[in-house]
Amino acid sequence: MRLLARFTALSLGSAPSEQGARAALVEKYKPYLHKVNDFMLYMYTDLPQFSELMQELQEHGLDSKCFYDKQWSKKEVDDAEFLILGAINECEDPVRSEFDTHFKNHCKKCKAHLEQTSDIKIRRKYVGKWDFYSAYEIRNIVSPRVKEILEREDVPGVAFRPVYTLKVEDPIGWQLIVEHILPPTHPDSNLRYSVNCPVCGLKSYVYSKTDPVAYGPEIRKLALDGFNRSHELFGGVVYPDPITIVPQRIRQLFKEHKIKGAGFAPIVIKE
């Protein structure tokens, strides 16, 4: 795994001194930059020039924030025993915007919505667009074709809940319901809180900026050869949900049937 650093909002000021400092940095580090545009510089953190660039940004007083993207090689993804399964595409504008349309408010303090009270409805424009996508943050939805494939292959650990639009009575997709719970992640995952409610005790997490999600070797015995869900909740404040974890054979099944829209990120096993 490599980390690609994104320096955002780098010197947006109009002062000639700021623009000149930025131009000088770009010119100096151009051979080592992965990409550059008007507002961002991209550089891999394993290059020795990365720490030099960080220091120069501070010395010049340039206003910048650094974010990290985890990038896996094809070999790392191919060799992974287990992977996080997530959607590349999301239905960003659900049919109704009220938080409690499909989910019950769990707590007045943190306002997390956990219990699903009705079948999800999405806008008609998304119907048939993807094989695999998400709504309400990380609720994964599949097309009827994918549902048929998973049922035909007798993949364990997953059930299906219908997804509708307002004007279509028959289901246009199926929400994946994963119930088999894995043990907690390994401490080296270094998860960060997105919710830590002092009233109801709810905890939800986001991934570490720099560390991959990790499990102990017991995952090999405890995980189903199909769909599994994390012990922890992930995601934003409103709709936290477990992440879905699958063995390599599910990724290969998706590749075999050319299922579009699914992304896979390796899980690290700590021996």
Side-chain angles (χ1 to χ4, degrees), residues 82-107 111-182 195 202 204-205 223-247 249-251 253-254 257-264:
F82 295 91
L83 308 101
I84 299 170
L85 168 61
I88 297 172
N89 305 293
E90 180 184 1
C91 300
E92 296 181 350
D93 51 344
V95 171
R96 294 188 180 91
S97 59
E98 292 84 356
F99 290 153
D100 58 356
T101 298
H102 300 302
F103 299 88
K104 183 179 179 181
N105 190 344
H106 170 75
C107 171
K111 296 181 171 58
H113 289 62
L114 298 180
E115 181 186 348
Q116 186 170 340
T117 57
S118 62
D119 298 326
I120 287 176
K121 291 183 174 64
I122 63 172
R123 295 191 183 277
R124 188 175 179 83
K125 67 180 180 180
Y126 293 114
V127 177
K129 194 171 183 179
W130 306 299
D131 283 325
F132 194 100
Y133 52 102
S134 67
Y136 294 92
E137 297 190 15
I138 53 176
R139 269 70 180 184
N140 292 322
I141 300 171
V142 298
S143 65
R145 181 178 81 91
V146 176
K147 176 177 181 286
E148 291 177 4
I149 292 169
L150 295 176
E151 289 179 330
R152 185 171 64 246
E153 296 291 333
D154 197 24
V155 174
V158 64
F160 303 93
R161 184 166 184 166
V163 176
Y164 299 94
T165 69
L166 284 178
K167 297 182 179 180
V168 178
E169 294 183 0
D170 295 328
I172 50 79
W174 298 88
Q175 180 185 354
L176 297 182
I177 306 298
V178 181
E179 296 183 347
H180 183 72
I181 303 174
L182 293 175
V195 179
L202 177 75
S204 182
Y205 300 87
L224 296 180
D225 190 31
F227 284 75
N228 308 272
R229 57 183 267 190
S230 62
H231 177 272
E232 300 87 351
L233 296 174
F234 287 83
V237 175
V238 181
Y239 301 115
D241 204 40
I243 55 174
T244 299
I245 296 171
V246 298
R249 81 130 178 154
I250 298 299
R251 174 174 173 262
L253 183 68
F254 275 47
H257 292 279
K258 298 180 179 179
I259 296 171
K260 304 298 184 182
F264 296 88

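Since the structure is predicted, the reported quantities are computational estimates derived from the model, not experimental observations.
Among all heavy-atom pairs drawn from Trp174 and Pro144, the shortest one is CD1-CA, 4.1 Å. Taking each heavy atom of Gly263 and Ile88 in turn, the nearest pair found is N-CG1, 3.9 Å. Between Leu114 and Pro240, the closest heavy-atom pair is CD2-CG, 3.6 Å. Across every non-hydrogen atom of Gly157 and Leu224, the tightest pair is CA-CD1, 3.7 Å. Minimum heavy-atom separation, Pro162 to Asp119: O-CB, 3.4 Å.
Val142 has its side chain out of reach of Ile259: every pair of non-hydrogen atoms, C-beta onward, lies at least 4.5 Å apart. Between Val155 and Arg249 the shortest side-chain heavy-atom distance falls below 4.5 Å. Counting heavy atoms from C-beta outward, Arg161 and Arg139 have side chains that stay 4.5 Å or more apart. Looking at Arg251 and Val246, their side chains never come closer than 4.5 Å, going by heavy atoms from C-beta outward. With a 4.5 Å cut-off on side-chain heavy atoms, Val178 and Ile245 do not count as touching. A 4.5 Å side-chain heavy-atom check between Tyr164 and Pro171 finds at least one atom pair inside the cut-off. In this structure the side chain of Ile177 never reaches within 4.5 angstrom of the side chain of Phe160, judged on heavy atoms. The shortest distance between side-chain heavy atoms of Ile250 and Leu83 does not fall below 4.5 Å.
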Would you mind writing out the side-chain donor-acceptor pairs for residues 230-238 within the sub-3.5 Å range, not counting sequence neighbours?
unit_1, atom_1, unit_2, atom_2, d
Ser230, OG, Glu232, O, 2.7
Ser230, OG, Ile243, N, 3.1
Glu232, OE2, Thr185, N, 2.8
Glu232, OE2, Thr185, OG1, 3.1

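Centroid-to-centroid, the aromatic rings of Phe103 and Tyr239 come within less than 6.0 Å.
Residue pairs satisfying the salt bridge (charged side-chain N to carboxylate O under 4.0 Å, His left out) criterion with at least one member in residues 141-151, sequence neighbours excluded, are listed as follows: Asp131-Arg145, Lys147-Glu151.
Annotation: the span from His257 atom NE2 to Leu150 atom CG amounts to 9.0 Å, rounded to 0.5 Å. To the nearest 0.5 Å, atoms CH2 (Trp130) and CD1 (Ile141) are separated by 10.0 Å. For the atom pair Cys91 SG and Lys121 NZ, the distance stands at 14.0 Å (nearest 0.5 Å). The structure places CZ of Phe264 at 11.5 Å from CD1 of Ile84, a figure rounded to the nearest 0.5 Å. To the nearest 0.5 angstrom, Asp241 atom CG is 7.0 Å from Arg229 atom CZ. Rounded to the nearest 0.5 Å, atoms CG (Leu85) and CG (Asn228) are 11.0 Å apart.
Side-chain N or O atoms of His113 include one that pairs as donor or acceptor with a backbone N or O of Lys111 at under 3.5 Å. The main-chain N or O of His102 is found under 3.5 Å from a side-chain atom of Thr117 such that the two form a donor-acceptor pair.
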